[in-house]
Colleague: 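Could you have a look at this structure, given as structure tokens, before my questions?
Just so you know, these numbers come straight off a predicted model, no measurement behind them.
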Amino acid sequence: MRFSVLASGSTGNSIYVETDKHAFLVDAGLSAKRMEQQLESIGRSMANVDGIFVTHEHSDHIKGIGVLARRHKVPIYANEKTWNAMNGLVGEIPLEQRFHFSMETSMTFGTLDIQSFAVSHDAADPMFYVFHENNRKLSVITDTGYVSERMKGHIAASDAYVFESNHDVSMLQMGRYPWSVKRRILSDVGHVSNEDAAVAMSEVVAEKETRIYLSHLSKDNNMKDLARMSVSQTLEACGIRAGEFLHLYDTDAEKPTELVTV
């Protein structure tokens, strides 16, 4: 199993995951043209993509979905409430390309098993995904106000994570956002901070080689160096030293990460 974080941040999010036989996107939060360019930059194209799994209906996760679906005839997978919330946002998608992926269920594509799980975010019915192939595990978890014990159970002992590290609390509190927005971000249906993400990481990683991609960083309330430092320090306080078996990686709103094997 191989993957690349094509884009991650306040302006757009998408992840590419492939096996030898299948390839999928998790979300398509950039324009269709940008999505095509991001795939091209890792040596792939929409011709490789067998489907797009939607996490929730916010624009930074679905911006390109309608055009990509119509242009490339690609299947779209989402749960019923998310489909209902997307209906007025992505334009007409042919019925034969609309697939329901229910919460807390699994789908199998050849050797790849994909499991959905609920998160806590201010969307209709947000859910993320765990990918399993040949005893390897990739977990994607962003856009959640906290990481519950149930979520931890789904993502525990993964070989790689795309893990939200959205904001630095002090930067957010002192920043330019109105208090209503700050309150929403800090709430249980908002986004996890660097420190809260690291505490959750410390409770789910196993003592094996693990890659964690710090994702969905706020462009106004976080910085890559700060996120990495905060997560590293919090992990160390929890008894885990980054760089031993656990390795942290940046993601970017503009540049895809290297296509790596899990």
Colleague: Can you hop from W83 to F117 via hydrophobic side chains spaced under 4.5 Å?
Modeller: no

Colleague: Hydrogens and angles aside, do D113 and T108 bring a side-chain donor and acceptor to less than 3.5 Å of each other?
Modeller: yes

Colleague: Before giving the answer on side-chain contact (heavy atoms from CB on, under 4.5 Å), spell out for Y177 and L172 the whole-Å C-alpha distance, their side-chain angles and the decisive distance to 0.1 Å.
Modeller: CA-CA 8 Å; Y177 288 3; L172 175 62; 4.0 Å; yes

Colleague: Determine whether F128 and V162 make a side-chain contact, defined as any pair of heavy atoms from C-beta on separated by less than 4.5 Å.
Modeller: no

Colleague: Any donor and acceptor pair, going by atom type alone, linking the side chain of E96 with main-chain N or O of P75 inside 3.5 Å?
Modeller: no

Colleague: Checking V90 against E57 for the side-chain contact (heavy atoms from CB on, under 4.5 Å) test, could you report, in this order, the C-alpha distance in whole Å, the side-chain angles of both residues, the deciding distance, and whether it holds?
Modeller: CA-CA 9 Å; V90 296; E57 73 276 8; over 6 Å; no

Colleague: Is the shortest side-chain heavy-atom distance between I65 and I93 below 4.5 Å?
Modeller: yes

Colleague: Restricting to non-hydrogen atoms, name the atom on R71 and the atom on A32 that form the minimum distance, rounded to 0.1 Å.
Modeller: NH1-CB, 3.9 Å

Colleague: Decide yes or no for L6 and L30: does some side-chain heavy atom of the first lie under 4.5 Å from some side-chain heavy atom of the second?
Modeller: no

Colleague: Please tell me if the side chains of F163 and S158 come closer than 4.5 Å, counting only heavy atoms from C-beta onward.
Modeller: no

Colleague: Which pair of heavy atoms, one from S116 and one from S102, lies closest together, and at what distance?
Modeller: OG-O, 2.8 Å

Colleague: Out of the candidates F53, F24, Y77, only one should pair with F99 under the ring-ring contact (aromatic ring centres under 6.0 Å, His included) rule; please name it.
Modeller: Y77

Colleague: Counting only heavy atoms not in E92 (residues, nucleotides, ligands), do more than 12 fall under 6.0 Å from its CD?
Modeller: no

Colleague: Report whether L25 and V130 are members of the same hydrophobic cluster (ILVMFWY, side-chain heavy atoms less than 4.5 Å apart, transitive linking).
Modeller: no

Colleague: Do R34 and K63 touch side chain to side chain, with heavy atoms closer than 4.5 Å?
Modeller: no

Colleague: Work out which heavy atom in K219 is nearest to a heavy atom in S10; give both atom names and the distance.
Modeller: N-OG, 3.4 Å

Colleague: Tell me which one of R211, K208, K137 satisfies salt bridge (charged side-chain N to carboxylate O under 4.0 Å, His left out) with D159.
Modeller: K208

Colleague: Using a cut-off of 6.0 Å, state whether more than 12 heavy atoms not belonging to K224 lie near its atom NZ.
Modeller: yes

Colleague: Please confirm whether the ring centroid of F3 lies under 6.0 Å from the ring centroid of F131.
Modeller: no

Colleague: Give a yes or no on whether the backbone of Q38 and the side-chain of S41 come within a donor-acceptor separation of less than 3.5 Å.
Modeller: yes

Colleague: What do the steps show when you test T257 against Y213 for side-chain contact (heavy atoms from CB on, under 4.5 Å), and what is the final call?
Modeller: CA-CA 9 Å; T257 63; Y213 289 76; 4.0 Å; yes

Colleague: With no hydrogens and no angle check, is any side-chain donor or acceptor of E104 less than 3.5 Å from a backbone partner on A118?
Modeller: yes

Colleague: Measuring from atom CZ of R228 to atom CG of L217, what distance do you get when rounded to the nearest 0.5 angstrom?
Modeller: 9.5 Å

Colleague: Return yes when atom CD of E80 has more than 12 non-hydrogen atoms of other residues, nucleotides or ligands closer than 6.0 Å, and no otherwise.
Modeller: no

Colleague: Do the side-chain N and O atoms of D188 and S120 include a donor-acceptor pair separated by under 3.5 angstrom?
Modeller: no

Colleague: Is there side-chain contact between E18 and N48, with at least one heavy-atom pair below 4.5 Å?
Modeller: no

Colleague: Just wondering, more than 12 heavy atoms not from Q37 lying within 6.0 Å of its CD?
Modeller: yes

Colleague: Check whether any side-chain heavy atom of H167 lies under 4.5 Å from a side-chain heavy atom of L186, and answer yes or no.
Modeller: yes

Colleague: Give the cluster check for I141 versus I212: same hydrophobic cluster or not, with ILVMFWY residues linked at side-chain heavy-atom distances below 4.5 Å.
Modeller: yes

Colleague: Write down the atom of H100, the atom of N79, and the distance for their closest heavy-atom approach.
Modeller: CD2-C, 4.2 Å

Colleague: Please report the C-alpha distance between D250 and D252 in whole Å, then the side-chain angles of each, then the deciding distance to 0.1 Å, and finally whether the side-chain contact (heavy atoms from CB on, under 4.5 Å) criterion is met.
Modeller: CA-CA 7 Å; D250 295 328; D252 195 88; over 6 Å; no

Colleague: Taking all non-hydrogen atoms of both residues, which atom of M103 and which atom of P126 are closest, and how far apart?
Modeller: CE-O, 3.6 Å

Colleague: Report yes or no: do H61 and D27 form a side-chain donor-acceptor pair below 3.5 Å?
Modeller: yes

Colleague: Could D50 and K21 be called an ion pair, given the rule that one side-chain N must be under 4.0 Å from one carboxylate O?
Modeller: no

Colleague: Taking the side chain as everything from C-beta on, heavy atoms only, tell me whether H72 gets closer than 4.5 Å to V49.
Modeller: no

Colleague: Please determine if E133 and R2 form a salt bridge, counting it only when a charged side-chain N lies under 4.0 Å from a carboxylate O.
Modeller: no

Colleague: Please report the interatomic distance CG(L226) to CG(N194), rounded to the nearest 0.5 Å.
Modeller: 5.5 Å

Colleague: Using a strict threshold of under 4.0 Å (side-chain N to carboxylate O), is an ion pair present between K152 and E149?
Modeller: yes

Colleague: Check for me, please, whether Y161 and Y249 land in the same ILVMFWY cluster - side-chain distances under 4.5 Å, paths through other members count.
Modeller: yes

Colleague: Does H121 use its side chain to pair, donor to acceptor, with the backbone of G190 at less than 3.5 Å?
Modeller: yes

Colleague: Give a yes or no on whether the backbone of R136 and the side-chain of N134 come within a donor-acceptor separation of less than 3.5 Å.
Modeller: no

Colleague: Got a donor-acceptor contact below 3.5 angstrom from the T19 side chain to the H22 backbone?
Modeller: yes

Colleague: Minimum heavy-atom separation for S14 and G29, please, with both atom names.
Modeller: CB-N, 4.4 Å

Colleague: Treating N222 as the side-chain partner and N166 as the backbone partner, does any N or O pair qualify as donor plus acceptor under 3.5 Å?
Modeller: yes

Colleague: For the hydrophobic clusters of this structure (ILVMFWY residues joined by side-chain heavy atoms under 4.5 Å, transitively), does one cluster hold both M35 and L89?
Modeller: yes

